[in-house]
> 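Quick one: structure below, then a few questions.
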Amino acid sequence: MATKLAALVVLAAFLAGPAACEGASICFNGWLRLPTYNPWLCSRGSRTRGLPWQRGRSPSGLGLGHGYYDNRWSRSYCPRAEVIVRGAVRDAVAAYPGIGVGLICLFFHDCFVRGCDASVLLMTTNSNNSDTEREGLPNKNSLRGFEVIDAAKAAIEAACPGKVSCADIVAFASRDASYFLSNRRINIRIPGGRYNGRESFANETDQLPGPFSNVTELQASFAAKGLTSDEMVTLSGAHTIGHARCMFFSSRFSEMDPAFAAKLRTQCNGNDDTNVNQDDVTPYVLDKQYYQNVIDRKVLFTSDTMLNSTETMTQVRENANRAGAWERKFERAMENMGKTGIKNRADQGAEIRKVCSRVNN
């Protein structure tokens with residue numbers, strides 16, 4: 001009960017943005033549900049909010065380039081940058097695969113809010129606020145892998161001071177985590193050249209698609225970042241790895257495969273803060289198993305089961321049945337997502353941070 005009450009209190013942080021409503025009894029923005037409809041909190045109908053500069057624009061990746069740090073005539077020359085990141089990720093994943101899951105999630109949660117600018121890493125901002133993205137409901141006590149990013153950044157700063165952005169390190173780390181967790185079957189082409197932003201706010205994390213979202217809301221939230229419905233289905237496949245808190249799916253046991261639901265009830269044991277594997281078959285392998293789980297009603301979130309719909313089921317079955325199809329699509333979708341909201345040297349408020357958790361003085 002205390003956990004549910006705390007979740008409702010956190011809702012206050014999201015009042016700056018419109019909530020989406022389902023019927024007249026449940027209100028949610030993708031991350032929160034309320035037991036009764038409240039017109040003060042909800043507006044009829046569903047809509048997804050994006051920042052003005054994000055709405056309706058396809059990611060261009062302007063200013064990015066492959067081998068960005070390899071040009072010896074460039075001010076950004078740092079030829080060992082990507083090697084350092086890959087080494088840090090390899091060692092971390094070998095010690096604990098869950099860290100690799102966290103690194104992929106960091107990239108997604110960074111790019112969906114203010115673009116791929118490492119705003120998700122900030123604890124000290126240009127506005128001197130402490131309610132950063134890390135404190136938002138989708139991120140607090142959930143995101144992992146910060147120490148891997150910090151270790152890679154420290155090593156890169158020692159080799160090439162002031163050259164490599166934290167945003168690029170997050171992007172490279174997600175690429176490398178995908179490579180190792182897929183048993184080297186996924187090779188994402190991630191360009192470099194992103195600069196870091198100087199602002200981060202908890203209430204903007206409501207732009208992230210949440211576990212209670214339906215297909216229309218998922219499509220709208222991805223479209224707001226310039227990503228297609230197919231890319232939405234493809235990137236949802238990352239739910240084949242990692243953990244989820246029981247609070248985000250305990251209300252839908254009756255909708256699941258009965259044996260799967262019974263196992264989850266035992267694991268959750270009435271505790272909303274308990275974490276369980278998102279994929280009960282291959283929990284630490286980045287593979288296409290998620291799509292078979294969707295078909296078999298062995299997925300956790302409303303947003304997962306909603307893919308078992310007429311709008312997306314063809315893609316789900318193709319990803320489940322065609323060897324290698326999802327992996328290639330995932331590579332392209334991750335590269336495209338990494339082009340979202342890019343900041344470059346000419347943008348106001350863009351920088352190369354010395355420390356990833358705080359802006360430069």
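Just so it is clear, the values below take in all heavy atoms, side chains as well, and ignore hydrogens, waters and symmetry mates.
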> Can you confirm whether the side chains of Glu133 and Ser119 place a donor and an acceptor under 3.5 Å from each other?
yes
> Taking the side chain as C-beta and beyond, is there a heavy-atom pair between Ile104 and Met334 under 4.5 Å?
yes
> Tell me if a side-chain donor or acceptor on Asp257 pairs with a main-chain N or O of Phe260 at a distance below 3.5 Å.
yes
> Could you please spell out the steps behind the side chain to side chain contact (heavy atoms under 4.5 Å, CB included) verdict for Arg86 and Phe172?
CA-CA 8 Å; Arg86 176 155 291 206; Phe172 295 150; over 6 Å; no
> Tell me if a side-chain donor or acceptor on Asn277 pairs with a main-chain N or O of Asp280 at a distance below 3.5 Å.
no
> Taking Tyr291 for the side chain and Gly237 for the main chain, is one N or O donor matched with an acceptor at less than 3.5 Å?
yes
> Give a yes-or-no answer on whether the side chains of Asp304 and Tyr290 include a donor-acceptor pair shorter than 3.5 Å.
yes
> Which heavy atom of Gly242 sits nearest a heavy atom of Val101, and at what distance?
CA-CG1, 3.4 Å
> Could you check whether any side-chain N or O of Arg297 sits under 3.5 Å from a backbone N or O of Glu255, counting only pairs where one atom can act as donor and the other as acceptor?
yes
> Transitively linked via ILVMFWY side-chain contacts under 4.5 Å: Ile295 with Met232?
yes
> Specify the closest pair of heavy atoms between Ser178 and Phe330, including all atoms of both residues, with the distance to one decimal.
OG-CE2, 4.0 Å
> Would you find a donor on one side and an acceptor on the other, under 3.5 Å apart, between the side chain of Ser74 and the backbone of Asp70?
no
> Would a distance-only check, ignoring hydrogens and angles, find a side-chain to backbone donor-acceptor pair under 3.5 Å from Arg353 to Ala118?
yes
> Going by the side-chain contact (heavy atoms from CB on, under 4.5 Å) test, name the single residue among Lys329, Met313, Gln315 that passes it with Val233.
Gln315
> Quick one: hydrophobic cluster around Val285, which other residues, with the 4.5 Å side-chain cut-off, linked directly or via members?
none
> Please examine the side chains of Leu122 and Val359, heavy atoms only from C-beta on, and report whether any two atoms are closer than 4.5 Å.
yes
> Whether the side chain of Asp279 engages the backbone of His239 through a donor-acceptor N/O pair (distance < 3.5 Å, no angle test) should be reported.
no
> Would Val355 end up clustered with Val164 when hydrophobic side chains under 4.5 Å apart are linked, directly or stepwise?
no
> Under a 3.5 Å threshold, yes or no: a donor from one side chain and an acceptor from the other, between Asp230 and Thr228?
no
> Centre of Tyr96's six-membered ring, under 6.0 Å away, within 45 degrees of the axis: is that where NZ or CZ of Arg144 sits?
no
> Carefully, step by step, assess Val120 and Val113 under the rule side chain to side chain contact (heavy atoms under 4.5 Å, CB included).
CA-CA 8 Å; Val120 73; Val113 183; over 6 Å; no
> How about Asn271 and Asn269: does a side-chain donor come under 3.5 Å of a side-chain acceptor?
no
> I'd like to know if Phe201 and Leu121 are part of one continuous hydrophobic network [Ile/Leu/Val/Met/Phe/Trp/Tyr, side-chain heavy atoms within less than 4.5 Å].
no
> Please confirm whether the backbone N or O of Asn360 pairs with a side-chain atom of Arg198, one donor and one acceptor, at under 3.5 Å?
yes
> Side chains of Thr205 and Asn139: any donor to acceptor distance under 3.5 Å?
no
> Tell me whether Asp110 contacts the main-chain N or O of Leu106 through its side chain, where contact means a donor paired with an acceptor under 3.5 Å.
no
> Between Phe248 and Val276, is there a shared hydrophobic cluster once you connect ILVMFWY residues whose side-chain heavy atoms come closer than 4.5 Å?
yes
> Does any part of the side chain of Phe249, heavy atoms only, come nearer than 4.5 Å to the side chain of Pro211, both counted from C-beta?
no
> Treating Lys288 as the side-chain partner and Arg322 as the backbone partner, does any N or O pair qualify as donor plus acceptor under 3.5 Å?
no
> Under a 3.5 Å cutoff, is there a donor and acceptor pairing between the side chains of Glu199 and Ser127?
yes
> Phe108 vs Phe222 aromatic rings, parallel, tilted or perpendicular, using cut-offs 30° and 60°?
tilted
> What do the steps show when you test Phe180 against Arg90 for side chain to side chain contact (heavy atoms under 4.5 Å, CB included), and what is the final call?
CA-CA 7 Å; Phe180 292 121; Arg90 181 191 61 236; 3.5 Å; yes
> Which residue pairs pass the disulfide (SG to SG under 2.5 Å) test when at least one of the two sits in residues 330-361, sequence neighbours left out?
Cys166-Cys356
> Asp168 and Tyr69: side-chain donor and acceptor closer than 3.5 Å?
yes
> With the threshold set at 4.0 Å, does a side-chain nitrogen-carboxylate oxygen contact exist between Arg328 and Glu331?
yes
> Heavy atoms, side chains only, cut-off 4.5 Å: are Lys153 and Asp150 in contact?
no
> State, with a plain yes or no, whether a side-chain heavy atom of Leu103 is found less than 4.5 Å away from one of Ile149.
yes
> Please give me the minimum heavy-atom distance between Met306 and Asn214, naming the atom from each residue.
CG-CA, 3.8 Å
